[in-house]
Amino acid sequence: MSAPRLLDGPSPSMGPERLAAHSRRLGPLPKGGHGLIDLLGHTGLTGRGGAGFPVGLKWKAVAAASRGAAVVIVNGAEGEPHSKKDRHLMTSRPHLILDGAMLAAASVRAKQVVISVGEDHHAALRSMTEAIYERSDHERRLMRIVTAPARYVAGDSSATVHLVDAGIATPTTTPPPPHERGVGGAATLVQNVETLAHVALIARTGTATETVLVTVAGAVRAPGVFEVKLGTPLGDAVQMAGGPSEAARAVMLGGYFGRWVEVADAWSLPIDPHGLRERGLSLGCGVIGILPARQCPVCEVAGIMRYLASESSAQCGPCFFGLRALADACTRIAERGTDPGDLQRLQRWSGEVQGRGACKHPDGAVMFLQSAMKTFGDDFAHHPAHLRRSA
Amino acid sequence: MESGDMIQDRMRARDAAMRLLNRLTAGAAVSAVVGVGLLGAIGAYTIPGTASTSTSTASSSSSTSSSSGLQTSTTPVTSSSSSGVAVSGGS
Amino acid sequence: MTKKLELVVDRIKCDGRGLCAEILPERIRLDSWGYPIITPGPIPEHLMGLSQRAVDDCPVLAIALRRAEIHRQKGT
Amino acid sequence: MNNALLWYATRGAGAVSLVLLSAVVVLGILSVLRVQSTGWPRFLTVGLHRNLALMTLVFLALHIITAVVDPFTHLGWLAAVVPFSSHYRTFWLGLGTIAFELLLAVVLTSLVRGLIGQSAWRLVHWLTYACWPIAVLHGVGTGTDAWSAWLFTLQAICVVAVLAAIAYRLMAGSRDPLARERSSFLAAVDRREER
């Protein structure tokens, strides 16, 4: 019998699973602690929010700096435009997430657990709120919910800490990273909701979970969130979404901080953080976006770059002005046709922006653009002048 | 990336500006010292000079005219002592 | 052993006055928008004076000298 | 020691201090306005601002010491520290004392800016706008005598220069290219009222 899955049990379409059903199905919640931290280290679980940081390492660091006053932030901000898997999990399996949060709190000796939910994710907000009221008094006393603004950078760990701390969801300068100095100066564990749900299962079975949540979006017949076994070929996940709704051109893997892959190479890719990293790719936040062949990739990329530029919190000059300049150059190519000067500028500015923000927003945007210019090299080199926009 | 001689130019500009800063500071210091002397001297000359022939200044006595400026002070005791002071200073 | 120092910029505090690049062209240049690009690595002894000057003269206290090996990492 | 010389030195040093202080204020404003040109980098404005500020303290010290040791006024050291504690021109000298202490606060905090942090330093630095006018009034109030025509012209020049700089600063607005976008984004993500 294979390892349990996050979405086992009643169909997610039936809404949030109540605590009674949840406990009946999975049994009592085991104790957290150093044993669990080591277990997470052995299972090799990595964060599912996008950066893919090893969970065991992060918990160890927070526990070391905790002094019994650490803070656990359950990150359900999900600012990634195409990603739906976090809110899907919050609306269907809230108690799996809260289990993971409590295990984290016990393991890093936290004094409070803050659940950050995107303010637009109304169903998720309701589900998590109701779920908290079903927990024991002791657990309820630890927990509170904050709503995160629907901005791309609001999902950054330092921005989440800043939101909980000061009510302002803008990234702050690191180092020190949140796991050293976070909320109120206390060591803070910022963990994505899916990651914590996996922890809740791993703690019960003692073995690694074998699935990952992905959001299949774009030119597919039935876009949505799917839980796939690690290593599943990307093409199979797309088939779960009803398959391409039309001739596909490329796949955007990992959302707006992810990479582009031509369909020819995409279908066989294994959906597995480690396997993808070996290929210089990343699962990121689990978004699999299908770009239809009829759509111009350059115009698509230009639109996304404009969005990412507009999502800069305007705190760091290189990010704000750099991303804006890159987006403008992309837009010029998209609207007026390729200009060698603009192509050179894109390369030079990419180099100047890379690694020069307080958070990873500029880096993510530049990597995304670089990947696009590599994958769609010919399109960028010979783009005709036309005014079709795709944002 | 930036070419080596561009850096060289900016280093030269930096050194030139540093020298200018030092010269301006030294100049300011010197002129400030001179200023103290000059303004002091102006004080020294104008008081007996103008005051002896002065009609305007609120001088209480002609003999201690030089002290007139000082005698706006409220205490007569100090004024008498000051007159000597000012005369000796004025002459 | 002498502890090696490197220049680090607080990107949020920095508002692109550009004094640091004027004072220390050997290690700092400005990007296309006037914000400093620091040459990575420890500061050689003969540049320590100017580096300190660049730190002291920053109008917004955005640049600092730190121990060379500084770990940075961010979680999800 | 010739007491008259002391008296002249006091007034000379006082006048020079006011000129220096005004120059420092103007330079400070120019540096905020990011004034520069070929051959005049921004750090030159800042460096001159700092050097002249320290120089101002030196001449203020001369101004105060010569005034205190002058037997005629016999102010006593208390008057140099406690405002309005001198019988001699109590009010005008008191202003001088206040201005001096404000300036001292501004300069000392600037010397330890790295320790107290930018925001605290900035807060104290705004005191300059109280210090300078008080210093001018002190000059006007105490400097009224036969040679005041000179002093007045000097003070007039200082006042005009500083007021012009302030007016320029007010008209110019923020020179931080990100100020507007940053505040608008902050406004968009600010959830403080919900706390």
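Sequence lines set the chain letters: A, B, ... in the order given, protein chains first and strands last, and positions in each chain run from 1.
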Of the backbone (N, CA, C, O) and the side chain (C-beta and beyond), which part of A13(B) lies under 4.5 Å from a heavy atom of chain D, both, or neither?
neither
Part of L52(D) within contact of chain B (heavy atom distance under 4.5 Å):
side chain
Short side-chain to backbone donor-acceptor contact, H63(D) and T10(D), under 3.5 Å
yes
Any chance you could lay out the salt bridge (Lys or Arg N to Asp or Glu O under 4.0 Å) test for D9(B) and R12(B), step after step, and finish with the verdict?
CA-CA 5 Å; D9(B) 294 346; R12(B) 265 191 292 279; 2.7 Å; yes
May I ask you to check whether W126(D) and Y129(D) place their ring centres under 6.0 Å from each other?
yes
Of the non-hydrogen atoms in T25(B) and M55(D), which two are nearest, and what is the gap between them?
O-CE, 3.5 Å
Between atom CD1 of I134(D) and atom CD of E101(D), what is the distance when rounded to the nearest 0.5 Å?
10.5 Å
G35(B), A28(B), A32(B): which one forms the most heavy-atom pairs within less than 4.5 Å of chain D?
A32(B)
Given that the side chain runs from C-beta out, which part of A16(B) has a heavy atom under 4.5 Å from chain D: side chain, backbone, both or neither?
neither
Do you know which of L44(D), L62(D), L154(D) has the most heavy-atom pairs under 4.5 Å to chain B?
L44(D)
